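For reference, the structure discussed in these notes is given below.
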Amino acid sequence: MELYTPVIVLGAIGAAFVVVSMIVGSIAGPKRYNRAKLQAYECGIEPTPQPAGGGRFTIKYYMTAMLFIVFDIEIIFLVPWAVHFDALGVFGVVAILLFLVNVSIAYAYEWRRGGLEWE
């Protein structure tokens, strides 16, 4: 249990900081509310009204998200593999080559669909 004591103490300090910050913010913060403060803020421009269903996103949004996921998953698996490269042997090399083939297929699909063209 003594190994977890520093973790518990650090968690308690973090929780205390959150509670104290919330209390001090509610006491010291301004209490003047108006319609402009309660409105949504979109990068300095007036918010545009959305249709009842929430509106449609362009395909570019989904292509960018897919590209992020492809590279994020690649890094998640490549870093531990690189750290333990010597211990994995031939099995590790074959496994990462199969993984990179799968990632390359996803990358080629993204490229073909126009996800890398920034307009």
Side-chain angles (χ1 to χ4, degrees):
M1 186 65 183
E2 67 187 40
L3 292 175
Y4 293 110
T5 304
V7 175
I8 294 171
V9 168
L10 189 60
I13 291 171
F17 179 76
V18 169
V19 170
V20 169
S21 296
M22 296 288 284
I23 292 171
V24 169
S26 66
I27 293 172
K31 306 283 189 283
R32 295 169 295 191
Y33 295 104
N34 57 29
R35 189 182 315 201
K37 276 191 174 183
L38 298 176
Q39 236 181 0
Y41 181 75
E42 294 181 4
C43 302
I45 60 173
E46 292 294 322
T48 57
Q50 294 290 326
R56 301 180 90 186
F57 290 103
T58 62
I59 190 68
K60 190 72 172 169
Y61 173 79
Y62 296 107
M63 297 301 283
T64 305
M66 190 169 82
L67 187 66
F68 170 75
I69 290 172
V70 166
F71 286 115
D72 194 41
I73 299 288
E74 181 181 13
I75 293 301
I76 287 172
F77 285 114
L78 279 178
V79 169
W81 173 79
V83 169
H84 293 288
F85 176 73
D86 294 338
L88 295 176
V90 176
F91 172 75
V93 172
V94 171
I96 206 66
L97 284 177
L98 290 174
F99 172 70
L100 288 176
V101 165
N102 284 334
V103 169
S104 298
I105 290 170
Y107 179 71
Y109 174 78
E110 181 84 18
W111 189 355
R112 176 138 175 131
R113 297 287 293 180
L116 300 176
E117 296 172 7
W118 304 105
E119 297 171 359

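Computed from a predicted structure; not experimentally measured. Excluded from the calculations below are hydrogen atoms, water molecules and symmetry mates; all remaining heavy atoms, backbone and side chain alike, are included.
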Review point. If you count the non-hydrogen atoms of other residues, nucleotides and ligands that lie under 6.0 Å from CZ in Phe77, is the total more than 12?
Key: no
Is it true that [X] and [Y] fall in one hydrophobic cluster, defined by side-chain heavy atoms closer than 4.5 Å?
X      : Y      : answer
Leu67  : Leu100 : no
Ile69  : Tyr62  : no
Leu88  : Leu97  : yes
Trp81  : Ile73  : yes
Val103 : Leu78  : yes

Review point. Of the non-hydrogen atoms in Ala106 and Val70, which two are nearest, and what is the gap between them?
Key: CB-CG2, 3.8 Å
Check your understanding: Looking at Phe99 and Glu74, what are the two nearest heavy atoms and their distance?
Key ->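 It is CZ-CA, 3.7 Å.
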Revision key, fill the gap. Interatomic distance, CD1@Ile96 vs CG@Leu98, rounded to 0.5 Å, equals 9.5 Å
Practice item. Describe, in one word, how the ring planes of Tyr107 and Trp111 are oriented to each other, choosing from parallel (under 30°), tilted (30 to 60°) and perpendicular (over 60°). Key: tilted
